[in-house]
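Each chain gets a letter, A, B and so on, in the order its sequence line appears, and its residues count up from 1.
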Number of protein chains: 2
Amino acid sequence: MKLTSKGRYAVMALVDLAKFNDINPVSLRDISLRQGISLDYLEQIFSKLRKKAIVQSVRGNQGGYVLNKKANEIKLTNIFDAVDEKVKTVQCKKESKKGCNGKLTKCLTHNLWDELENHINDFFEKKSLEDLIKDNIERRI
Amino acid sequence: MKLTSKGRYAVMALVDLAKFNDINPVSLRDISLRQGISLDYLEQIFSKLRKKAIVQSVRGNQGGYVLNKKANEIKLTNIFDAVDEKVKTVQCKKESKKGCNGKLTKCLTHNLWDELENHINDFFEKKSLEDLIKDNIERRI
DNA sequence: TAGATACTTGACTATTTTAGTCAGGTTTAT
DNA sequence: ATAAACCTGACTAAAATAGTCAAGTATCTA
C-alpha cells in the first residue's frame, strides 16, 4: 500500500499554507518554491481543494489562497477526500450486498479488509491540520 | 492508498489453506477454484511464501502446500513482507538521515507519514492467520 | 516404469495508474 | 495596461499492477 504523491502534496501544501496564512493570501508560487512541488501540479490540487471548500481563492495580482475553515476543523479525511486519495482494500465493495466475486458468501477475508480500512480511516479522521502545525512548531525543524 | 491484489490474494489463499489443512497438502488448483484466483498467479505468490518459510511444498501427485508454522505464528506482517506488499508513505526515507527532498530539514509532514506507517503496520503486526480463521468460523459465512 | 499430477521458474505483456507537463485562458490589484 | 496569479482541460511518459505463457522438474500411484 502506498500513499500517492497527490495526497501527500495536498497535505504538505496545506500545512505550508496554514503556517504562512497571516493577512495576505499565500500564492501557489511561494508554496511551490518552498515545498518543491511543481506549480502546475499544485494548481490541479488546489482546484480540487477549492471545490470542496477547504480553501478560498483570491484572484488577481497579489492573490493566492486562504484557508476556508479553521485549522482544527480540517481533518486529513477532508483533504484526502478532496483530492480523491481513497483507502481501498477490496474490489468487492460495490457488488451485491450479499457476497463478493459474484459468489453468495462474503470472501474469506472480507471482514479483515473492512477492519483495515476502518483502522486507517480512523487515523485520518483524528488528525487535523492544527495538530500538524502544532507538531511542527514543537519540533522546530 | 490501496492494497494490491497480490497481497490480498496471498492472505486469502493462506486462510483457505489453513482451513483445509488437515492431513493432505492442499493443491493450488483447489485454492484457485475455491477462491477464483488464477493458478499461474497463485504459483508466483506461493513461490514467494515458500522462500520465506511460511509454507512448505509437497511435490508430486497428490502434492500441494502445507503451513510451515502454526497459524498463530503467522502474522499479516510476515505474509505481506513475503510478497513485497509494503506500506510506503514517503519517498524521503532512504535519503540522507538529516532531511528530505535534498533539503537540510525534514519535510513539514515527515512525522505524520511516519506515524501513519506505524499505525498501519501495528495492525498487520497484531493480526495472525489464526485470528482470521477464528473470525471466519464464528461468522460462518 | 509410464503417466498424471502438481510444483517451479522465468520471461513476457496488456492495462491501469501515477505524476506530472503544456497550452491557453480569465481575473484583478496597481 | 500589464503583470501576477488563479483556472481549466487535454495530453503523455513512466512506472506499477495483474496477470499470462512456456517450458520445465519432481514424485506419487497404477
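Evaluation of the side-chain hydrogen bond (donor to acceptor under 3.5 Å, both in side chains) rule for A:Asn78 yields no partner, not counting sequence neighbours. By the salt bridge (Lys or Arg N to Asp or Glu O under 4.0 Å) test, B:Lys69 is found to be paired with no residue, residues two or more places apart in sequence or in another chain being considered. Applying the side-chain hydrogen bond (donor to acceptor under 3.5 Å, both in side chains) rule to A:Glu115 yields the partners B:Lys127; only residues at least two apart in sequence or on another chain are considered.
The hydrophobic cluster containing A:Val66 does not contain A:Val15, counting ILVMFWY residues as joined when their side-chain heavy atoms lie under 4.5 angstrom apart, directly or transitively. A:Val26 and A:Val58 end up in different hydrophobic clusters when Ile, Leu, Val, Met, Phe, Trp and Tyr side chains are linked at under 4.5 Å. Taken together through direct or relayed side-chain contacts under 4.5 Å among Ile, Leu, Val, Met, Phe, Trp and Tyr, A:Phe123 and A:Met1 form part of one hydrophobic cluster.
What separates NZ of B:Lys86 from P of D:dT17 is a distance of 10 Å, to the nearest Å. If you measure from atom NZ of A:Lys88 to atom P of D:dA16, you get 19 Å, rounded to the nearest angstrom. Distance CG (A:Asn24) to P (D:dC6): 13 Å, rounded to an integer number of Å. Rounded to whole Å, the distance from CD on B:Glu85 to P on D:dA16 is 14 Å. Computed from coordinates, the A:Leu33 CG to D:dA4 C1' distance equals 14 Å when rounded to whole Å. A straight line from NZ of B:Lys2 to C1' of D:dA18 spans 11 Å, rounded to a whole angstrom. B:Tyr9 places its OH atom 8 Å from the P atom of D:dA18, with the value rounded to the nearest Å. Atom OH in A:Tyr65 sits roughly 18 Å away from atom P in D:dA4 (whole-Å rounding).
Closest-nucleotide positions on DNA chain C for B:Asp40 and B:Arg29 were compared, and the one nearer the 5' end corresponds to B:Arg29. Sequence order on DNA chain C of the closest nucleotides to A:Gly60 and B:Gly63 puts B:Gly63 first from the 5' end.
Using a 30° and 60° split on the angle between ring planes, A:Phe80 and A:Phe124 fall in the perpendicular class, above 60°.
Put simply, chain A comes within 4.0 Å of DNA chain C, heavy atom to any atom, from C:dT18 to C:dA29, going 5' to 3'.
Using a 4.0 Å cutoff on non-hydrogen atoms, the parts of residues 42-58 of chain A near DNA chain D are A:Glu43, A:Gln44, A:Ser47, A:Arg50, A:Ser57, A:Val58, ordered by number.
Identified under the side-chain hydrogen bond (donor to acceptor under 3.5 Å, both in side chains) test for residues 1-18 of chain B, with sequence neighbours left out: A:Gln91-B:Arg8, B:Thr4-B:Glu85, B:Asp16-B:Arg34, B:Asp16-B:Gln35.
With respect to the salt-bridge test (charged N to carboxylate O, under 4.0 angstrom), the residues B:Asp84 and B:Lys48 qualify.
The listed nucleotides are D:dC28, D:dT25, D:dC7; the one nearest the side chain of B:Arg59 is D:dT25.
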